[in-house]
Amino acid sequence: MSTADLPKQYDPQDAQRRWYSFWLDHGYFHADPGSPKPSYTIVIPPPNVTGALHLGHALNNTIQDILIRWKRMQGFDALWMPGTDHAGIATQAVVERRLLEEEGKTRHDLGRDALVERIWAWKHEYEKRILNQLRLMGCSCDWERTRFTLDDVCARAVRTTFFRLFQADKIYRGKRLINWDTQLRTAVADDEIYYEDVQGQLWTIAYPVAESANGETLHVATTRPETMLGDTAVAVHPDDPRYQHLIGKELDLPLTGRRIPIIADAVLVDPKFGTGCVKVTPAHDPNDYQTGLRHNLPQINLLNPDGTYNENAGPYAGLPGKVVRKKVVADLEAQGRLIKVEPYATRLNYSDRSKTPIEPYLSDQWFVRMGDNPDGSPGFAQSAIDAVTSKQVTIHPDRYAKSYIDWLTEKRDWCVSRQLWWGHRIPVWHKTRPSEGEFESSELPGLIRRWKEEGRIDETDRKPSDVTHGDISDPDIPYHFICILREHDTEVVEALERNGHFVQDPDVLDTWFSSALWPHSTLGWPDQTPELAKYYPTSLLSTARDIISLWVARMVIFGQFNMKDVPFKDVFIHPVIQDGNGKRMSKSAGNGIDPVDIIDLYGADALRYTLASLATETQDLRMPVEQAKLPDGRVVNTSERFEQGRTFPNKFWNASRFALMNLDDYDPDRLGHDVEGDGSEDLWILGRLNQVAREVTAGLESFRFAEVAKILRDFTWNDFCDWYVELLKGRLRDPARRPIAQRMLVIVLDGLCRLLHPIIPFVTEQVWQGLNQVAPRRFDPTSMEVQTAAESVCIASWPTYPETWNDPDAEAIVSHWREKITALRNLRAERNIPPSAKIAPTFVATGSVADALTRGAGQIKGLANAESIRVVPRADHPPGCAVAVLTDAEIILPLDGLIDKKAETARVRKALADVDKPLAGTRAKLSNEAFLTRAPAEVVETLRAKEAELSAQRETLSALLATLDEPVGGSPR
RNA sequence: GGGCGAUUAGCUCAGUCGGUAGAGCGCCUGCUUUACACGCAGGAUGUCGGGGGUUCGAGUCCCUCAUCGCCCACCA
């Protein structure tokens, strides 16, 4: 191959364009359920269509692609299922914000259908962008199977699941406090709230004990006095001696004339705080709400949707909250019930969108039951815990299993309804109040019975007397819900909605509801598809730790419910990328790094290699952010940590370039004079290649990506490039030895392409294609024969080399060479011998060391730039020589006309000091009686041998120093 | 408040079985050696956060303190 085809610097952009489309054209990424190969499956954590991918996505997708490519090469029918998430609240919020900024409109101006249409348009744009980013990174997803959590396939799975949950009484209607934006009249998600510390006030109010002879009162403190109108209890700590006699008694709630109980609650009340009495307003405070559930307290809702007070507030009805507060305070004061008012720093919740305070608001929501079944058998949460404790699902690193289990142990029911427009609409129709009466006489009751028998609908028809276990709905209100199986069952929908008997629930499902189905919905469930049969359960899930509870746990739950099996066998939790100061990267903070910028700057392989080398078991990893200029002039964020990823593929490229330039006359069938290689270096490098292949395989099996990246880099750079290729250069120039050298080069390069491919797919494909041009027929590690290589490294076999490729003798010999050559280079540097000057060293050595050096004379001459070398069993130190004393040899280097006694003395003294330090430590240990008697014999033996070696080395150095006519220091102790 | 993690070279991090510490970048010296200056050769750099314990021996195991970060809950 001519150098013209092989630019000095690897051009990642060119390779990316060429080979990605090449892979797609050949369909390598497409999995085939009909294939006899065993399956290996990963479903992508679907990125939100809210925006572009960030560096965390890049890390996660690099990990997944490494595994998928590796398994594909191992002969698995590898499926990487791609797709995106509709991300309910997040996406709707993004589009609504833009609507407001650009057109000054709210969603109510547009209406439900028009807004949803806008969001679809946004989705199309970002989905395209996200999927394209994945392609740029080289991700080998099966694009023909791309899914979206809100597409028809997923929608069917969602509706079927909801229906089955409804039938199984795993879904119920309950109350929950939501964050209510009184201005926009809408529910707001937790992450759409911001806090502000404000200087408020704390009012202390006296509640009189009912029918108390001595006029006893309880003092309660509150930051929101107006909510007292909804109080349904006052709580004290059960162990508080001050109030023991009052527990169970009642209070006269001022201003209302209502009687409320005094309850004992250890959770809500901290007896050391304030007066030790807490007013309980279940409908307007999350803690009080929980307390209310514990004590079966009524929940009195005081609010209208617009923030004014309702009829439950009696005389205050119709007034806005602010005014109610003023009047309540004034009225309390007038009645002498206000004890004190003091300034108090408190935190207020505000809606991100309207910038107005959030009101906790009690509303009807749908819940999925997490607790155990009425018969005591494990419910959803317990089954999901069991899946992990029994290792049906293994979480790596295993410390995350704890957070998974801890969260599930609470068994808190999952609120699945959201007051949004973007998402899967809840397939439930409510009976409307006006329809009562005429409904009974209509044809509907009969139809409903029939449809139910046909399995098209299910219903919950509850009269006030019914009690459902765990159901926290208001027991006084009857309801009738119809759950519909098929969305397009127009016959049913029309009949239900006719005459306004039923209306569909306006809410949509929590986005995690559809995400929880992802591992089976994407494979076609509820249909029994060949894909489902083959690829479920999937093999691995790779994700970030912050969604272990939101997503991982729920996938296990729904997998067990729908599929009767867990969704994946392994879960890998990858680290979170932070900036150099340990802060989360974000667009708004300006410290984010865009993976596409890194690809533009250094290439996809650089991005992937760097991220892989950072993927350790740590939970956070830091990446100092700095700026760089793109070719087009844009200034973008990058990090010095991409340096390794940038240089390494280039190094590999250049080593390959050297090889390819020397393979023009490669002939796999012409083997020179030794089939088993030509020298110790060949046996050594094959042994190393074999060892590296095994370590890399083991590393991938246990998700040690950083270690795998390091092993491969070290082998490629330090063994292959720095030593093996250098050792080979002389042989390549010798026509008799060239064929074997070429054959060796091809074997190692072929192996490196395979081993590196999962991490850096583009440069390895580029090299593989080059190899295929000059050496299409070559050694194949699977068959152990010379045969035509695969047309792409994507589908080449993962290498497993014979165990016999392991030669400790060759390894020892080469390590002797390396050691002595390094010592010679060291001498050169220290004595300022120019690299170009030829030297003629003498090695003093015996036994196997001498053999190794004699055998490698030619190699050593080449790499140390020596014109001759001698190996002798003993020798004096003639004056005017530099001498290096190694543990098993001495090197005597005559320095013609370069006698510098001072420099040589300094050098030897330093060498002596270098020996003295470990020698002192070793001797100290060996003189420790306890060590000698208690440490294992072999440890003692090793140390003794080391001591002998160091002593001998020191002797020689001392003698050497003496010949330099300098005083010698005492023996170290 | 509960949980998890981190603290090792100037920076960012490895360090599996407890046996006297490594890498990349940066730094210093010298090299246009015909694969590579995104390179080659050589070099310097550590009280492994503090204290205590277990052990013949601790970066590694245990306790404790400090600092930083993340997650979850919460502040009447």
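To find a chain, count down the sequence lines: A is the first, B the second, and so on, and within it residues start at 1.
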Determine the contact category for [X]: base if any of its heavy atoms lies under 4.0 Å from a base atom, sugar-phosphate if only primed atoms, P, OP1 or OP2 are that close, otherwise nothing.
X      : result
A:S403 : nothing
A:P649 : nothing
A:L614 : nothing
A:T942 : nothing
A:R545 : sugar-phosphate

Residue [X], side-chain heavy atoms: nucleotide from [options] that is nearest:
X      : options             : answer
A:V939 : B:A35, B:G19, B:C56 : B:G19
A:E726 : B:G69, B:A23, B:A35 : B:A35
A:Q578 : B:C36, B:C70, B:G42 : B:C70
A:C721 : B:G39, B:A35, B:G19 : B:A35
A:E707 : B:U16, B:G42, B:A35 : B:U16
A:N650 : B:U12, B:A35, B:C38 : B:C38

Watson-Crick or G-U wobble partner of [N], both distances under 3.5 Å:
N     : result
B:A35 : none
B:U16 : none
B:G10 : B:C25
B:U47 : none
B:G59 : none

[X] side chain near [N] phosphate (N/O to OP1/OP2, under 4.0 Å):
X      : N     : value
A:K917 : B:U20 : no
A:R622 : B:C13 : yes
A:T933 : B:C56 : no
A:K651 : B:A37 : no
A:N662 : B:A35 : no
A:W717 : B:C40 : yes

Pairwise P distance, B:C56 and B:C65 [rounded to whole Å]:
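Approximately 28 Å lies between the P atom of B:C65 and that of B:C56.
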Interatomic distance at C1', B:G15 relative to B:C48, whole Å:
11 Å
Where is the tightest heavy-atom contact between A:A864 and A:I839, given as atom of each residue plus distance?
O-CD1, 3.8 Å
Is it true that the NZ or CZ of A:K651 lies under 6.0 Å from the centre of A:F720's six-membered ring and within 45 degrees of the ring axis?
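No, cation not above the ring by the 6.0 Å, 45° rule.
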SB check A:D722 A:R818 (cutoff 4.0 Å):
no
Taking O4'-C1'-N9-C4 for purines and O4'-C1'-N1-C2 for pyrimidines, is B:C70 syn (within 90° of 0) or anti?
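Anti.
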Output yes when a side-chain donor or acceptor of A:R828 lies under 3.5 Å from a complementary backbone atom of A:A837, and no otherwise.
yes
Establish, from distance only, whether the side-chain atoms of A:N637 and A:Q627 form a donor-acceptor pair under 3.5 Å.
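Short answer, yes.
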Exercise: do A:T610 and A:Y602 side chains pair donor with acceptor under 3.5 Å:
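Absent: no donor and acceptor within the cut-off.
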How long is the line joining NZ of A:K710 and P of B:U12, in whole Å?
19 Å
